[in-house]
Amino acid sequence: MTLLKQDKYRRLLWILLAAPFFKPALFDVMEELTFLETLFDLWRLAATGCICIVYLYTMIRRKLRPSPVLLALGAYLLFIGLSSVLNAHNYWTVFNHIITIGCFCMLLEVSLQDGPDMTLDMLYYPLTVLILANFVLLCIYPWGIALGGTYGYSYNLMGIDNFLPPVLLPYICLAALRSTLLYGDLDWSFYGMLGVVTLSLLFIWSATGLMGMAVLLLFLLFFYKRRGQILFNGLMPLLMHAGMFFGIVLLRLQNLFAFLIEGVLHKGLSFTGRTDIWDEALRNIVEQPILGYGLAQSGKVYRLSKHKYYHAHNIFLEILMEGGILALISYVVALGISCNRLFVWRKHTEACILAAGLLGCAVMTSMEPFLDNNGLLIYGLLILSYHVDKFILPEFDSLSA
């Protein structure tokens, strides 16, 4: 598939705007690297201002409107922010959370006006460097580089083990989409990074990450560009989200999969105590269902254990805890809008790749929330899924407008 050549300086500009959103988590816990953390924060602050200006200028100049999925995510962030302001003490954390996610989604949407390959390169290059560096350091420091955080977890470059899957899974989806768009197939560099990502997940043995990765590997190895790829359509992530939430979180049907959970993943049927956390979260949600309790990191954090704070370890429960039913409705609307677009274009490989990515994330987020800055790429998949036609029909881009 031939694409228009892009100005290399313009491409570099987009990369510079995207890169500070992927600050290595290690910078937050090592005193020796405090200056790098400050530089990244200033870089992201400057990038945020530029993104807002570029977004408004582009929308006005080209007479465009924000996409429905961006508006739905905006409503979701609004309700999260409102709940946090009513319940929180740390208003800077609330502001930073909303602005970071909102501006990242705006960046993706406006960069697509320069062409889909520009957007994918903008994400691919900084993430590839980060993931390769993290893999090398994992091999050198298998037990982590430093201890940090509230409970003294072991940190590597990209943070604790649970910080990796919400970056690695969407990255592989984006890399597959980029390879397909530029070369018409999966190239050697993609397979190399697929190996790095898979080995990284095996190295840290993240059960939720491996389950989500299994979905992507199933698609890429057996269904990519084959007749059966249409099975990976926009309807599947919605069904997976609903099935995992009602079947596992509420009805507790995991006993039927004891052979997989205990034998292969080496986890108990309580999913390392998650069932107790879910029960406590449900009790708290019933007490404050409309707006929830605000961001967990914003001050008056809710506690799902007497002595230690836990997230709700399910994306829908976490949304209900932080923003209540209003935030959940907004998020589900955004998810539904994006999945509907993928279903419309389900006969095309590009739509199937994004559907497989969202499906893998649905499996992963049934056991983890990943709604903060670590989950930026999950929000990104929703934006890109809505604009899937730009990847299928690149001549629709407005580069020459």
Side-chain angles (χ1 to χ4, degrees), residues 67-88 94 97-98 100-102 104-105 166 208 234-252 274-275 277-298 300-304 310-342 358-359 361-383 385-386:
S67 66
V69 68
L70 184 63
L71 293 176
L73 286 175
Y76 155 74
L77 292 173
L78 177 65
F79 289 123
I80 292 288
L82 177 60
S83 176
S84 300
V85 167
L86 295 176
N87 291 282
V94 178
H97 178 88
I98 293 173
T100 298
I101 296 173
F104 182 74
C105 293
T208 52
L235 184 61
M236 296 306 295
L238 295 176
L239 292 177
M240 181 60 72
H241 269 301
M244 297 290 283
F245 181 71
F246 290 103
I248 304 298
V249 177
L250 297 184
L251 300 179
R252 307 291 164 82
R274 280 172 172 78
T275 52
I277 294 173
W278 294 338
D279 289 338
E280 183 64 25
L282 288 168
R283 286 191 288 269
N284 290 343
I285 289 166
V286 170
E287 293 178 2
Q288 202 159 317
I290 304 301
L291 280 177
Y293 298 87
L295 280 175
Q297 303 91 340
S298 61
K300 290 183 179 179
V301 300
Y302 53 83
R303 289 186 177 271
L304 300 179
Y310 289 98
H311 284 283
H313 284 285
N314 174 269
I315 190 169
F316 292 151
L317 291 182
E318 188 78 1
I319 292 173
L320 287 168
M321 287 292 293
E322 293 189 346
I325 189 66
L326 296 177
L328 180 62
I329 291 173
S330 300
Y331 183 84
V332 171
V333 168
L335 180 64
I337 290 171
S338 293
C339 288
N340 178 65
R341 293 282 286 183
L342 293 178
L358 287 178
L359 184 59
C361 290
V363 172
M364 181 175 62
T365 55
S366 65
M367 301 290 171
E368 299 286 353
F370 298 137
L371 291 172
D372 55 11
N373 294 349
N374 296 311
L376 279 179
L377 290 179
I378 298 178
Y379 294 106
L381 287 183
L382 294 179
I383 298 293
S385 295
Y386 177 80

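Computed over heavy atoms, backbone and side chain alike; hydrogens, waters and symmetry mates excluded.
- Residues Ile383 and Leu73 meet the side-chain proximity criterion, which asks for heavy atoms closer than 4.5 Å.
- The side-chain heavy atoms of Leu282 and Leu250, taken from C-beta on, include a pair separated by under 4.5 Å.
- Separating the CZ atom in Phe104 from the CG atom in Leu376 is a distance of 5.5 Å, to the nearest 0.5 Å.
- Distance check, rounded to the nearest 0.5 Å: CG of Leu78 to CG of Leu71 gives 12.0 Å.
- Two residues are said to be in side-chain contact when any heavy atoms from C-beta on lie closer than 4.5 Å; Tyr76 and Ile319 meet this criterion.
- In this structure, Ser366 and Met244 approach most closely via the heavy-atom pair OG-CE, 3.0 Å.
- Residues Arg341 and Val69 form no side-chain contact, since every pair of their non-hydrogen atoms from C-beta on lies 4.5 Å or further apart.
- In this structure, Phe316 and His241 have tilted ring planes: the angle between them lies in the 30° to 60° band.
- With hydrogens and angles ignored, the 3.5 Å screen pairs no side-chain donor or acceptor of Ser83 with any backbone N or O of Phe79.
- Contact record, Tyr379 with Cys105: CB-SG, 4.0 Å, taken as the closest heavy-atom pair.
- The shortest heavy-atom contact between His313 and Glu318 is N-OE1, 4.3 Å.
- Nearest heavy atoms, Asn87 versus Gly294: ND2-N, 4.1 Å.
- Annotation: the span from Leu359 atom CG to Leu342 atom CG amounts to 11.0 Å, rounded to 0.5 Å.
- Residues that satisfy the side-chain hydrogen bond (donor to acceptor under 3.5 Å, both in side chains) test with Asn340, not counting sequence neighbours, are absent from this structure.
- Between the CG atom of Leu238 and the CG atom of Leu335 there is a distance of 5.0 Å, given to the nearest 0.5 Å.
- In this structure, CD in Glu322 is found 10.5 Å from CD1 in Ile285, a value given to the nearest 0.5 Å.
- The two atoms that bring Leu358 and Pro237 nearest to each other are CB-CG, 3.8 Å, heavy atoms only.
- Residues passing the side-chain contact (heavy atoms from CB on, under 4.5 Å) test with Ile378 are Pro166, Pro170, Tyr331, Cys361, Met364, Thr365, Phe370, sequence neighbours excluded.
- Taking CG of Leu320 as the start and CG of Leu291 as the end, the distance is 11.5 Å to the nearest 0.5 Å.
- Nearest approach of Leu317 to Ala281, heavy atoms of both residues: CD1-CB, 4.4 Å.
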